[in-house]
Amino acid sequence: MASEGNKPPPPPEKEQGRNSLRHSLLGPSLLKAGQDKVDQKKVGEIIYNASKGSKFFKHEEKRDEQLTKRIEIILRRKKHLESLDLSPQIRKVDEEIAALEASRDLSQIIVHVDCDAFYASVEELDRPELKVVPMAVGGGVLTTCNYKAREFGVRSGMAGYIAKQLCPQLVFLPLSFPKYTAKAEEVREVLVKYDGRYEAASVDEAFLNITGYLEDHPDMTPDQVVEQIRREVLEHTKISVSAGIAPNARLAKVASNQNKPNGQFRIPNDRESVMSFTCTLPVRKVNGVGRVFERELSAVGVTTWGDVHPQRAILSKLFSEKAWSFLLNCYLGLGRTSIHPVAEYERKSLGTESTFKDLSGAGPLREKLRATAAELEKDLKKTGLAGRTVTVKVKLHTYQVHSRQKALHRAVFSKEDLYLHALPLLQELEGEFQPLKIRLMGLRITGLVSTRKGVGRIGDFFKRDAQVEEGEAEWEVWPEESLDGLLPSGHLSQEVEDEEQLAIEEATKVSLNVPGGGGGTNTIPDQPPPSPPQMAAKEEKWECPICARSLPADDAVFNEHVDFCLSRETIREVVQESAGAEVVVVKEPERKRKEAKARLGKPGSKGGGMDRYFLKLQ
DNA sequence: GCGGATCAC
DNA sequence: TATGGTGATCCGC
């Protein structure tokens, strides 16, 4: 077993790279069911021809090239590792494997239930005539489609206009979420009878632990129980579901895809069955392996989980600790065996974003930011949450995505606060990408605290330090923070690295993001160290933070104008929101303004003036 | 803590 | 004419 690398080498990455973009354009659902009748070559041609030349396509090409480069680096590192004596590493890994084996739990029967083409199926219940025609739900990008549509090569995640080219008679339906959630509830009414602590993984998926149910019904096999669940769901809701039965959640999830649609598959609870299943299982079938990771693995010769073991020493050194641990767990067919209600998970962020026709110009961008802030406020109020970190996200017209975030001293939730704290971040982006022309804007808030007293673990946990005040007079801490937000915070300098040389030695460990992976530690928020006020603007003009008008760089004129704007808009809104609280606008002390001016001329963001005011709620 | 990336649904 | 929205995690600074 000590012989590594006896396998024939994988095809050169260049070969794989050539087809990878086309492969990725074909979408992630290629492996899924319903594709047997499709002439994939022809579909690929259509998609390729319909896509090429578009900005989206050009962006995909860029990303693809970038990945190809990254893979070359990985391969170089691999080559280097192959020249070393790895027998100590093999021993180390084998100990790791033994430890994992010792922890293997085959005592539970876990079921993953997955509704077939859920949204499309729900729509078909409303309009049965749609069953026999190709139909898709969603507009610009398809959310899902029925199996009839899949025969044409139409898939979820596909651009609507491309689907139309593949299948001109395709029927498009808009999304109706209330309908889907209502139907999902009906499905869950059945599931809860088999596991009172079932776990809703998404609107149309759930995990059950039926170990207890089986103990109560010793005459039934797991397969029989699941057949009964599926039958009952179908009778009760008219929705067909597929299911996987396995010793853990990871395998159950894979298994539910095996006999889709309207089928089930069991991986028995013994080690041999598990290992022989994973051995030939393509890596991509497992949750957590996406397009990128699949290509990286393929480049180093891993296409099925069985490929991990012969290369275990090299892989353990090639990948990050987390990624390697993931690989090993998948190879061994291990996964979580505890299933619990989703209510027991804590939300960590809340955000909103939207796509629109290309947008640019200070005024329109601010208008959009206001609207986005209002949208987020709505959701925050609904969930009774506020948060300490604000993130602004934009997608440029080129499809490049960028974000800027800022941790605040206290939690915020009102659209005014959101806007005021997000604006400097937007200004940063405006400075960096001139002129800022975007097709998407998003606002997200993290570091959540509950605004509802007495309920919710988050609120209880943070109560002492960070719970938002309710109706309590408080100085807004906006100005200092705004100043921080405006500056290109030190490490923005993009040093172009000589990747040729840094490549092999430096740890370019391959990364991994698996859902439900390691845990971040929650720390009680405290005051960040004070940072010196700065401004980043080199324009002769100053920009009004409220209406975005360009103003002469003159204190008196500028202040007067902003005063006017503030009294006109912000104050009115703040007053409305805080029900009678009086708002006083206070000029910032002269000293700070001088400090700020001293920093003028730094390249990057422009604008600024926002930071000259305190808002005080009384 | 920040920003970019990846992933799932 | 022209490719989504929400939330999470990981990595390397």
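Just so we're on the same page: letters track the sequence lines, and every chain starts at 1.
The phosphate of dG7(C) (OP1 or OP2) has no side-chain N or O of Ser349(A) nearer than 4.0 angstrom. Under 4.0 angstrom from either OP1 or OP2 of dT3(C) there lies no side-chain N or O belonging to Lys55(A). Distances shown here put every side-chain N or O of His402(A) at or beyond 4.0 Å from the OP1 or OP2 atom of dG3(B). Residue Arg439(A) has no polar side-chain atom (N or O) positioned under 4.0 Å from OP1 or OP2 of dA2(C). Phosphate contact (OP1/OP2 of dT6(B), side-chain N/O of Arg63(A), threshold under 4.0 Å): present. Applying the 4.0 Å criterion to OP1 and OP2 of dG4(B), one finds that Arg404(A) has a side-chain N or O inside that range. Not one side-chain nitrogen or oxygen of Arg291(A) sits closer than 4.0 Å to the OP1 or OP2 atom of dC7(B). Contact between the side-chain N/O atoms of Ser403(A) and the OP1/OP2 oxygens of dG3(B) is not found at any separation under 4.0 Å. For Thr355(A), a side-chain nitrogen or oxygen approaches OP1 or OP2 of dG5(C) to under 4.0 Å.
If you measure from atom CG of Leu425(A) to atom P of dG4(B), you get 12 Å, rounded to the nearest angstrom. With rounding to whole Å, Lys395(A) atom NZ is found 12 Å from dT6(C) atom P. What separates NE2 of His59(A) from P of dT3(C) is a distance of 13 Å, to the nearest Å. At whole-Å resolution of the value, CZ in Arg347(A) and P in dT9(C) are 13 Å apart. In this structure, the NE2 atom of His397(A) is 14 Å from the P atom of dT3(C), given to the nearest Å. In this entry the distance linking OH of Tyr399(A) with P of dG5(C) reads 11 Å, nearest Å. In this structure, Met158(A) atom CE and dA2(C) atom P are separated by 18 Å, rounded to whole Å. With rounding to whole Å, Phe326(A) atom CZ is found 10 Å from dC7(B) atom C1'.
In this structure, of dC9(B), dG1(B), dT3(C), it is dT3(C) that holds the atom nearest to the side chain of Val141(A). In the set dT3(C), dC10(C), dC9(B), dC9(B) carries the atom at the smallest distance from any side-chain atom of Asn287(A). Looking at the side chain of Glu353(A), the nearest of the listed nucleotides dC7(B), dA8(C), dG5(C) is dG5(C). Among the nucleotides dT3(C), dG7(C), dG3(B), the one closest to any side-chain atom of Arg444(A) is dG7(C). Here the nucleotide nearest the side chain of Lys393(A), chosen from dC11(C), dC9(B), dT6(C), is dT6(C). Comparing dT3(C), dG7(C), dA5(B) against the side chain of Ala159(A) picks out dT3(C) as the nearest.
When the side chain to side chain donor-acceptor pair (under 3.5 Å) test is applied to Ser202(A), the partners found at least two apart in sequence or on another chain are Asp204(A). Taking Tyr198(A) as the reference, nothing meets the ring-ring contact (aromatic ring centres under 6.0 Å, His included) condition, with sequence neighbours excluded. Looking at residues two or more places apart in sequence or on another chain, you find a ring-ring contact (aromatic ring centres under 6.0 Å, His included) between Phe56(A) and Tyr399(A).
Nucleic acid contact for Thr143(A): none, since no nucleic acid atom lies under 4.0 Å from a heavy atom of the residue. Residue contacts shown for Glu60(A) are absent, as no nucleic acid heavy atom lies under 4.0 Å away.
In this structure, Lys378(A) places its NZ atom where only 12 or fewer heavy-atom neighbours from other residues, nucleotides or ligands lie under 6.0 Å away. Around CD of Glu45(A), the count of heavy atoms belonging to other residues, nucleotides or ligands within 6.0 Å exceeds 12.
In terms of modelled atom types and a separation under 3.5 Å, the side chain of Asn146(A) and the main chain of Pro134(A) share no donor-acceptor contact.
Nucleotides dA8(B) and dT3(C) place their P atoms 23 Å apart, quoted to the nearest Å.
A heavy atom lying under 4.0 Å from DNA chain C marks the following residues of residues 160-168 of chain A, by number: Tyr161(A), Ile162(A).
Taking the six-membered ring where the residue is Trp, the centroids of Phe319(A) and Phe326(A) are separated by 6.0 Å or more.
Residue pairs meeting the salt bridge (charged side-chain N to carboxylate O under 4.0 Å, His left out) criterion with at least one member in residues 48-59 of chain A, sequence neighbours excluded, are Lys55(A)-Asp358(A).
When each of Lys253(A) and Gln66(A) is assigned the nucleotide of DNA chain B bearing its nearest heavy atom, the one mapping closer to the 5' terminus is Gln66(A).
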Expected list for residues 157-167 of chain A: side-chain donor-acceptor pairs under 3.5 angstrom, two or more places apart:
from: Tyr161(A); atom 1: OH; to: Ala50(A); atom 2: O; distance (Å): 3.4

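Contact of Ser51(A) with dT3(C) (side chain to base): a donor-acceptor pair of N or O atoms is detected under 3.5 Å.
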